[in-house]
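First the structure, in the form of structure tokens, and then the observations on it.
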Amino acid sequence: MKLIISLFIFIQSFFVFSQGQVEANDIAHQNWYQSQKRKDSLVVELIKINQNDSTFIATFKVSEKLWDSFVEEQFKLKFPEYESWETRREIYGSQFDMLNYQFMKLYCDLRIATLYDLFEE
């Protein structure tokens with residue numbers, strides 16, 4: 001009986017695999033990319049809806065630039081030892097790409113929420 005159970009577990013181990021860091025990075029990138037696509041489509045739609053309102057367009061473009069600046073500064077707070085893209089693996093290891101994409105997705109989703117508020121007005 002022990003032999004059968006051991007053999008069963010051994011055979012099952014061929015069908016089970018762990019997720020590597022590269023795969024985790026790819027998943028985080030894909031999640032961020034989907035959020036970014038949604039955000040970009042909302043921006044285009046807002047500009048299209050308000051194309052005749054020059055005040056809205058000008059203010060909205062400034063808002064987008066300020067949001068990007070805000071996210072950059074938040075990034076510096078989140079990763080204080082971050083020096084350059086070349087040294088990121090020395091500081092944070094191979095998980096930096098995943099952490100970066102998760103961070104960007106979080107703030108992209110926050111921006112999406114603020115953009116949805118503009119549709120309600």
Interatomic distance, CG@D97 vs CD@Q102, rounded to 0.5 Å, equals 11.0 Å
Given 3.5 Å as the limit, does a donor-acceptor pair link the side chain of Q34 with the main chain of N31, or not? no
Is any side-chain heavy atom of W32 closer than 4.5 Å to a side-chain heavy atom of I27? no
Let me confirm one number: the CZ-CZ distance from F103 to F96, rounded to the nearest 0.5 Å. 10.0 Å
To the closest 0.5 Å, what do you measure between NZ (K61) and CD1 (I47)? 6.0 Å
Could you verify whether a donor N or O on one side chain and an acceptor N or O on the other, from D40 and Q36, lie under 3.5 Å apart? yes
Check for a donor-acceptor pair, side chain of N50 on one end and backbone N or O of L46 on the other, with a separation under 3.5 Å. yes
Verify same cluster id: V71, Y33 (apolar side-chain graph, 4.5 Å): yes
Do L77 and Q74 have side chains that approach each other closer than 4.5 Å (heavy atoms only, starting at C-beta)? yes
Any donor and acceptor pair, going by atom type alone, linking the side chain of T59 with main-chain N or O of F56 inside 3.5 Å? no
Value for CE (M104) from CZ (F75), rounded to nearest 0.5 Å, stands at 8.0 Å
Point-to-point distance, once rounded to the nearest 0.5 Å, from NZ of K65 to CZ of F60: 12.5 Å
Nearest non-hydrogen partners of N100 and F79, listed with the distance: N-CZ, 4.4 Å
Does E45 form a salt bridge (charged side-chain N to carboxylate O under 4.0 Å, His left out) with K48? I'd like the steps, not just the answer. CA-CA 5 Å; E45 188 66 27; K48 184 179 176 184; 5.0 Å; no
Residue set satisfying side-chain contact (heavy atoms from CB on, under 4.5 Å) with D109, at least two apart, ordered chain then number -> S35, K105, I112
Can you name the side chain to side chain donor-acceptor pair (under 3.5 Å) partners of Y101, sequence neighbours left out? none
Any chain of hydrophobic side-chain contacts (each under 4.5 Å) joining M98 to V22? no
So, taking the atom named CD in Q21 and the one named CD in E23, what distance separates them when rounded to the nearest 0.5 Å? 10.0 Å
Do K39 and E64 pass the salt bridge (charged side-chain N to carboxylate O under 4.0 Å, His left out) test, and can you show the C-alpha distance, the side-chain angles, and the key distance before you say yes or no? CA-CA 11 Å; K39 181 185 96 63; E64 283 292 296; 3.3 Å; yes
